[in-house]
There are 2 protein chains.
Amino acid sequence: MYGTSMKKRLSKTDWLDHGLRTLAVSGANSLKAEPLSRSLKVSRGSFYWHFKDIDHFQTDLLACWKKRATDDIIAEIKKIDGDSTRLAALMKKAMRGTDDLERAIRSWATENSAVAETVSIVDETRLAYLAEILIAAGVAPSQVRSRTAFIYWARLGQIMMDVNKTELSDADIEGLAKLLQS
Amino acid sequence: MYGTSMKKRLSKTDWLDHGLRTLAVSGANSLKAEPLSRSLKVSRGSFYWHFKDIDHFQTDLLACWKKRATDDIIAEIKKIDGDSTRLAALMKKAMRGTDDLERAIRSWATENSAVAETVSIVDETRLAYLAEILIAAGVAPSQVRSRTAFIYWARLGQIMMDVNKTELSDADIEGLAKLLQS
DNA sequence: TATGTTCCATACATAACTGTATGGAACATA
DNA sequence: TATGTTCCATACAGTTATGTATGGAACATA
């Protein structure tokens, strides 16, 4: 039992999971029937049984990511009561490390308008959540919109930078958070 | 005399200019000999006369962008004396609008390590420039690194967002700049 | 206008991927 | 174990790209 599972036959979900992994690791250019089949050690017959064509596969994949991203936000919102209302706490969790899948999705969105559309919707959800945090932190209403955008952009940009040479320390984040909620 | 120039024969520079335009408009996936030749209304014979192969073309294209990006920074630095030393002034110029070429380059870098390498170098140059601005603005040395990174990330993230639904007003930027140089 | 250089068209061989059609294997269940 | 359903392999046709080889057009200059 080496590798990832020893199942003989694949489900649609198997394909989509593998698709998301591939997207994160190799980018949207690798979302093709032939290479995907190879890496799953099956023929394209399997792919074309589960999906009508590449477009449908990518559409399903995108929906899969959207649901996942949205669920994550909802889970975060449910935790808003104690600690996480503080901006610094959120930033210490979110403003660090890499996110290959997010980065790949962003890159994909640059060349695919359907992806861009979905990404835009997810952005709205996240921005709304972040705005709530700022409001709860007591940021003046007139400042909420711009600061929310600024923080969100910053995380995005951080994700797009290849290596994170500039890892933020706790003190760094506390300093920034203090500014941004003043 | 319609369209872009009526020259009969193309130079290497013509090809590279067209490459950068294509990159900005259609993304790195369109940097292929066949489509590029089509849109220039010549055969691939022209392409393969000027460039050994696709890799060499892309390498030249990347060098072209790097030089341009670096020159831009140098030009900015030369202007540091009056107005531009103020962070707000810089942000009013830089933190607005779209930048399709930059966005396409970033997306490209996600899937091509050579591109990522070059982008990383350009990032360093820009970050160093931005840090100078913050220092000149009187930001405490201990805060310079994290705030520089934060601002740079924010511009990057802004570029990666498809439409700029959240355009910053002068007041927004002045507010943010005031925070970030305090 | 003759000539060498620069640039391009065309034809060919090769590779990777798409999508379809068809037969058959694997599986669950009666 | 018989049977219908689910899943996959294989073979084929078509598309789009790469890179090379070769001949010839366009150009500058003597």
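Numbers restart at 1 for each chain; the letters A, B, ... are given by sequence-line order, proteins then strands. Excluded from the calculations below are hydrogen atoms, water molecules and symmetry mates; all remaining heavy atoms, backbone and side chain alike, are included.
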In this structure, how many angstroms lie between the P atom of D:dT15 and the NZ atom of A:Lys32, rounded?
18 Å
Which residue lies more 5' along DNA chain C, comparing A:Pro35 with A:Gly45 via nearest heavy atoms
A:Pro35
Between atom CH2 in A:Trp49 and atom P in C:dA26, what is the gap in whole Å?
17 Å
From CZ of A:Arg9 across to P of C:dA25 the rounded distance in Å is 13 Å
In whole angstrom, what separates B:Arg38's CZ from C:dT10's C1'?
16 Å
Output the distance between atom CD (A:Glu111) and atom OG (B:Ser30), rounded to the nearest 0.5 Å.
6.5 Å
Value in whole Å for how far the C1' atom of D:dC7 lies from CG of A:Leu40
14 Å
Taking the basic N atoms (NZ, or NE/NH1/NH2) and the acidic carboxylate oxygens, is any pair closer than 4.0 Å for A:Asp60 and A:Lys12?
yes
So does B:Arg44 get a side-chain nitrogen or oxygen closer than 4.0 Å to the phosphate oxygens (OP1/OP2) of D:dT16?
no
Measuring from atom CZ of A:Arg38 to atom CG of A:Leu40, what distance do you get when rounded to the nearest 0.5 angstrom?
11.5 Å
Using side-chain heavy atoms (C-beta onward) and a distance below 4.5 Å, is B:Arg21 in contact with B:Asp17?
yes
Interatomic distance, CG@B:Leu31 vs CD@B:Gln58, rounded to 0.5 Å, equals 5.5 Å
OP1 or OP2 of C:dC8 under 4.0 Å from side-chain N/O of B:His50
yes
In dot-bracket form, 5' to 3', how is DNA chain D paired? Count Watson-Crick and G-U wobble pairs only if both distances fall under 3.5 Å, and write | where the partner sits on another strand.
||||||||||||||||||||||||||||||
Which nucleotide in D:dT10, C:dC27, D:dA17 has an atom nearest any side-chain atom of A:Ser43:
D:dT10
N-O pairing of B:Arg96 and B:Asp170 below 4.0 Å:
yes
Taking CZ from A:Phe57 and P from C:dG19, how many angstroms apart are they, rounded to a whole number?
12 Å
From the options C:dC27, D:dG19, C:dG19, select the nucleotide whose nearest atom is closest to the side chain of A:Ile54.
C:dG19
For B:Ser46 and B:Trp15, test the side chains for any donor-to-acceptor distance below 3.5 angstrom and give the result as yes or no.
yes
Output the rounded distance in Å from CG (A:Asn29) to C1' (C:dA16).
13 Å
Expressed in angstrom and rounded to an integer, what is the separation of B:Tyr48 atom OH from D:dG23 atom P?
21 Å
